[in-house]
Amino acid sequence: MMRLDRFLCESGFGTRSEVKMLLKKGLVTVNGEKAKRPEQKIDENADMVFCCGQKAQYAALIYKMLYKPTGVVSATEDRREKTVLELLNTEECRGIFPVGRLDKDTEGLLLLTNDGELAHRLLAPKKHVDKIYYAEISGKVTEEHRIQFLKGLDIGEKKPTLPARLEILESRERSKVRITVHEGKYHQIKRMFDAVGCKVVYLKRLSMGTLVLDPSLKAGEYRNLTEEEIKSLKELN
């Protein structure tokens, strides 16, 4: 027996918060009756569960590390652009989705899974999961910029960004930096550098929480996570 919201997450219907919204809207039935309680217990092997008119089928949890190349979008489907799922074999795509997004012109680590509960925990703003990027910047990055990032920056939203750690690797007309953020705002790193008069010309995500991009992977390649990698992600507070 398992909770209905967990079952729906693991069947590929979204994160726990997204699943709760579907339940609230009355789009889920269990054995022909509308279900609205996320905590309802079901038998994943016997009960008939439908969500948005589709039968929910329990799937084994899948965790894949992808070295996302530039030129593809972090989505499950897109009418105009090639998606990250199109880089995988068709039989491996069932129910999985990217955890967070990388811009089309950004490359690097992307976690693909059908574990909605883990995805929710990694993306929840209150969790403050570290995301580390390598970037090349048009403009000389200075100690003053490092201090500004540490204080938080106004990028045009109601609140400034959370403090971010900026490590200057090379300070030249094309600077090289490593930056650690704890949020996932739209175009966040690009907007942060724009706010201090610089421009991101290359961006690559190196890690997310305890998960580090495998250096043996080339752009467009992927592999299953190891048991140790999965365990470490699930143990993040």
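Here the structure is a predicted model, which is why all the values come from computation and not from measurement.
More than 12 heavy-atom neighbours from other residues, nucleotides or ligands sit within 6.0 angstrom of NZ on Lys185. Within a 6.0 Å sphere centred on CD of Glu77, other residues, nucleotides and ligands contribute 12 heavy atoms or fewer. Enclosure of atom CZ in Arg174 by more than 12 non-hydrogen atoms of other residues, nucleotides or ligands within 6.0 angstrom is indicated. Environment of CE in Met2: crowded, with over 12 heavy atoms of neighbouring residues, nucleotides or ligands closer than 6.0 Å. Residue Glu33 places its CD atom among 12 or fewer non-hydrogen atoms of other residues, nucleotides or ligands, all under 6.0 Å distant.
In this structure, Lys127 contributes its side chain and His120 its backbone to no donor-acceptor pair below 3.5 Å. Put simply, the side chain of Asp47 never gets that close to the backbone of Val49: no donor and acceptor are under 3.5 Å apart. Checking side-chain atoms of Thr70 against main-chain N and O of Glu107 turns up no donor-acceptor pair under 3.5 Å. At distances below 3.5 Å, not a single donor-acceptor pair connects side-chain atoms of Thr83 with backbone N or O atoms of Val73. In terms of modelled atom types and a separation under 3.5 Å, the side chain of Asn31 and the main chain of Met48 share a donor-acceptor contact.
Annotation: side chain of Val129 is not in contact with side chain of Arg121 (no heavy-atom distance under 4.5 Å). Side-chain atoms of Leu169 and Arg178, non-hydrogen and from C-beta on, do get closer than 4.5 Å to each other. Counting only heavy atoms from C-beta outward, the side chains of Ser207 and Asp130 never approach each other to under 4.5 Å. Using a 4.5 Å heavy-atom threshold, the side chains of Lys190 and Asp105 count as touching.
Rounded to the nearest 0.5 angstrom, Arg101 CZ and Thr106 OG1 are separated by 13.0 Å. Glu167 contributes atom CD, which lies 13.5 Å from atom NZ of Lys176 (distance to the nearest 0.5 angstrom). With rounding to the nearest 0.5 Å, the separation of CD1 in Ile179 from CD1 in Ile132 is 10.5 Å. The distance from atom CD of Glu173 to atom OG of Ser138, rounded to the nearest 0.5 Å, is 8.0 Å. Expressed to the nearest 0.5 Å, how far NZ of Lys159 lies from OG1 of Thr161 amounts to 12.5 Å. In this structure, Ser17 OG and Asp5 CG are separated by 10.5 Å, a value rounded to the nearest 0.5 Å.
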Apply side chain to side chain contact (heavy atoms under 4.5 Å, CB included) to residues Leu112 and Tyr222 and explain how you reach the verdict.
CA-CA 10 Å; Leu112 301 169; Tyr222 61 94; 5.8 Å; no

For side chain to side chain contact (heavy atoms under 4.5 Å, CB included), just list the numbers for Val201 and Phe193, CA-CA rounded to whole Å, side-chain angles, deciding distance to a tenth of an Å, and then say yes or no.
CA-CA 11 Å; Val201 293; Phe193 278 103; over 6 Å; no

Given the rule in the side chain to side chain contact (heavy atoms under 4.5 Å, CB included) test, do Arg205 and Tyr133 qualify, once you have shown the distances and angles that lead to the verdict?
CA-CA 4 Å; Arg205 182 155 69 188; Tyr133 294 79; 3.4 Å; yes

Check against side chain to side chain contact (heavy atoms under 4.5 Å, CB included), His145 and Gln148
CA-CA 5 Å; His145 293 139; Gln148 288 176 288; 3.4 Å; yes

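A salt bridge does not link Asp78 with Lys104: none of the charged nitrogens is closer than 4.0 Å to a carboxylate oxygen. A salt bridge is defined here as a Lys NZ or Arg NE, NH1 or NH2 lying under 4.0 Å from an Asp or Glu carboxylate O, and Arg3 with Glu117 fails to meet this definition.
Val99 and Met65 fall within a single hydrophobic cluster, where Ile, Leu, Val, Met, Phe, Trp and Tyr are joined by side-chain heavy atoms under 4.5 Å apart, directly or via other members. Both Leu153 and Ile168 sit in one connected hydrophobic cluster of ILVMFWY residues. Membership requires side-chain heavy atoms under 4.5 Å apart, directly or through other members. Each of Val84 and Leu206 belongs to its own hydrophobic cluster when Ile, Leu, Val, Met, Phe, Trp and Tyr are linked at side-chain heavy-atom distances under 4.5 angstrom. By the rule that hydrophobic residues join a cluster once side-chain heavy atoms approach within less than 4.5 Å of another member, Leu111 and Leu61 end up as members of one cluster. Linking ILVMFWY side-chain heavy atoms closer than 4.5 Å, directly or via other members, places Tyr202 and Val177 in two distinct hydrophobic clusters.
In this structure, Phe7 has its ring center no closer than 6.0 Å to that of Phe13.
Across every non-hydrogen atom of Gly100 and Ser74, the tightest pair is O-CB, 4.3 Å. Taking every heavy atom of both residues into account, Ala164 and Met192 meet most closely at CB-CE, 3.7 Å. Among all heavy-atom pairs drawn from Tyr67 and Leu217, the shortest one is CD1-O, 3.3 Å. Residue Leu233 comes nearest to Met208 through the heavy atom pair CD2-O, 4.0 Å, listed as atom of the first residue, atom of the second, then distance. Residues Pro38 and Lys36 come closest through the heavy atom pair CD-O, 3.3 Å. Closest approach of Ile62 to Asn114, counting heavy atoms only: N-OD1, 2.7 Å.
For the side chain to side chain donor-acceptor pair (under 3.5 Å) test with Lys231, the passing option among Glu228, Glu229, Glu235, Glu227 is Glu235; the others fail.
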